Q: 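Here you go, one structure.
What you are looking at is a predicted structure, and each value in this text was computed from that prediction instead of being measured.
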Amino acid sequence: MTLEILVVIGALSGVTTVLFGFGGGFVTVPVIVWTDAELGAEAMRTAVATSAVVVFAASAIATASTRREILASLRGRRVLLALLAVGGVVGGLAARFAPAELGRWAFVAYLGATLMDALARPGFVRPVGVVTQHRTIRAGFGFPVGAVAAFVGVGGSVLTVPLLRRAGHSMESATALANPMTLAITAPAVVPLIASVDVTSAAALLLGATPVVVVLRRSGITIPDVVHARAYVGLIGAVCIAMTLAALY
């Protein structure tokens with residue numbers, strides 16, 4: 001895959017990072033698996049490590065560009081953020097030493113379970129209760145969310161956005177809050193994975209993603225809440241199918 005194509009893919013991941021709270025990991029993992037296919041089973045380990053770097057940088061930029069009133073929901077949530085970080089370290093270490101094929105199928109299972117949950121249970125496509133920016137995820141979820149997300153290299157928003165939705169948040173609020181939570185996970189997770197990063201691909205992806213994240217955050221684009229939620233589910237489904245096909249063939 002050429003560097004020009006990686007830059008374009010990075011730009012697309014920047015769009016999904018802003019609109020859905022994820023994109024770096026879901027885009028980067030399949031792309032790097034395909035780009036570094038000659039590495040065989042090790043391609044997944046490289047993809048997870050590269051994804052951690054891309055997600056960290058993109059989520060940091062998105063967090064810095066998020067409105068202060070939305071970020072206020074995380075005030076006083078140091079325990080949650082600390083547990084997300086501890087989970088990130090554990091998941092990053094596990095990804096560094098676990099069989100690469102396990103990471104590939106864990107990624108597919110992670111997306112599939114989230115997709116089924118969003119479709120089967122009420123509260124995602126339409127939020128439960130009154131929308132508020134003053135409720136967030138219980139601290140006890142921090143460690144498992146951080147560990148699983150770092151292990152598969154996606155940052156955690158696939159779990160945090162549905163949890164925030166069921167806490168009453170709009171999609172705009174939930175996806176925006178997913179970025180600082182992802183930052184808490186990926187900052188420590190990058191350390192044990194850094195030796196496996198595909199530096200060239202990471203740089204190309206970030207070259208495409210960074211200006212897109214900045215421009216979209218400043219533009220203040222809004223999407224009807226139900227449409228936003230359905231698009232989120234559709235994107236998860238598409239990536240799940242793509243990674244399943246990659247794992248099989």
Q: Taking Leu164 as the starting point, is it possible to reach Phe143 by hopping between hydrophobic residues whose side chains are less than 4.5 Å apart?
A: no

Q: Hey, any chance Val54 and Ile5 share a hydrophobic cluster, counting ILVMFWY side chains that come within less than 4.5 Å of each other, even indirectly?
A: yes

Q: Grab the two heavy atoms, one from Ala178 and one from Thr160, that are nearest each other, plus how far apart they are.
A: CB-OG1, 3.8 Å

Q: Count I, L, V, M, F, W, Y as connected when their side-chain heavy atoms are under 4.5 Å apart, and connections chain through other members. Are Val233 and Leu163 then in the same cluster?
A: yes

Q: Which pair of non-hydrogen atoms, one from Ala139 and one from Arg77, has the smallest distance, and what is that distance?
A: N-NH2, 3.4 Å

Q: I'd like to know if Phe141 and Ile185 are part of one continuous hydrophobic network [Ile/Leu/Val/Met/Phe/Trp/Tyr, side-chain heavy atoms within less than 4.5 Å].
A: yes

Q: Side chains of Leu205 and Ile32, heavy atoms from C-beta outward: is any pair under 4.5 Å?
A: yes

Q: Could you walk me through whether Asp225 and Arg165 pass the side-chain contact (heavy atoms from CB on, under 4.5 Å) check?
A: CA-CA 11 Å; Asp225 194 68; Arg165 285 288 281 174; 2.8 Å; yes

Q: Could you check, using the six-membered ring where one of them is a Trp, whether Phe124 and Tyr232 have ring centers closer than 6.0 angstrom?
A: yes

Q: Run through Leu119, Val161, Thr114 and flag the one making a side chain to side chain contact (heavy atoms under 4.5 Å, CB included) with Ile236.
A: Thr114

Q: Does the Arg45 side chain pair with the main chain of Leu193, one donor and one acceptor, at a distance under 3.5 Å?
A: no

Q: Is there a path of hydrophobic side-chain contacts, each under 4.5 Å between heavy atoms, that joins Ile223 and Val213?
A: yes

Q: Between Gly92 and Ala150, what is the shortest heavy-atom contact and its length?
A: N-CB, 3.6 Å

Q: Checking Thr175 against His228 for the side-chain contact (heavy atoms from CB on, under 4.5 Å) test, could you report, in this order, the C-alpha distance in whole Å, the side-chain angles of both residues, the deciding distance, and whether it holds?
A: CA-CA 10 Å; Thr175 55; His228 201 166; 4.1 Å; yes

Q: At their closest point, which heavy atom of Leu6 faces which heavy atom of Ala204, and how far apart are they?
A: CB-CB, 3.7 Å

Q: For the side chain of Ser59 and the backbone of Phe56, is there at least one donor-acceptor N/O pair under 3.5 Å apart?
A: yes

Q: Share the residues that join Phe97 in a hydrophobic cluster, the rule being Ile, Leu, Val, Met, Phe, Trp or Tyr side chains under 4.5 Å apart at the heavy-atom level.
A: Val89, Leu93

Q: Could you report the tightest heavy-atom contact between Thr35 and Ser201, atom names first, then the distance?
A: CG2-OG, 4.1 Å

Q: With distance as the sole test, does Thr50 use its side chain to make a donor-acceptor pair with the main-chain N or O of Ala47 at under 3.5 Å?
A: no

Q: For the side chain of Thr46 and the backbone of Asp198, is there at least one donor-acceptor N/O pair under 3.5 Å apart?
A: no

Q: One pair to check against side-chain contact (heavy atoms from CB on, under 4.5 Å): His169 and Leu177. What are the steps and the verdict?
A: CA-CA 10 Å; His169 286 261; Leu177 287 173; 3.5 Å; yes

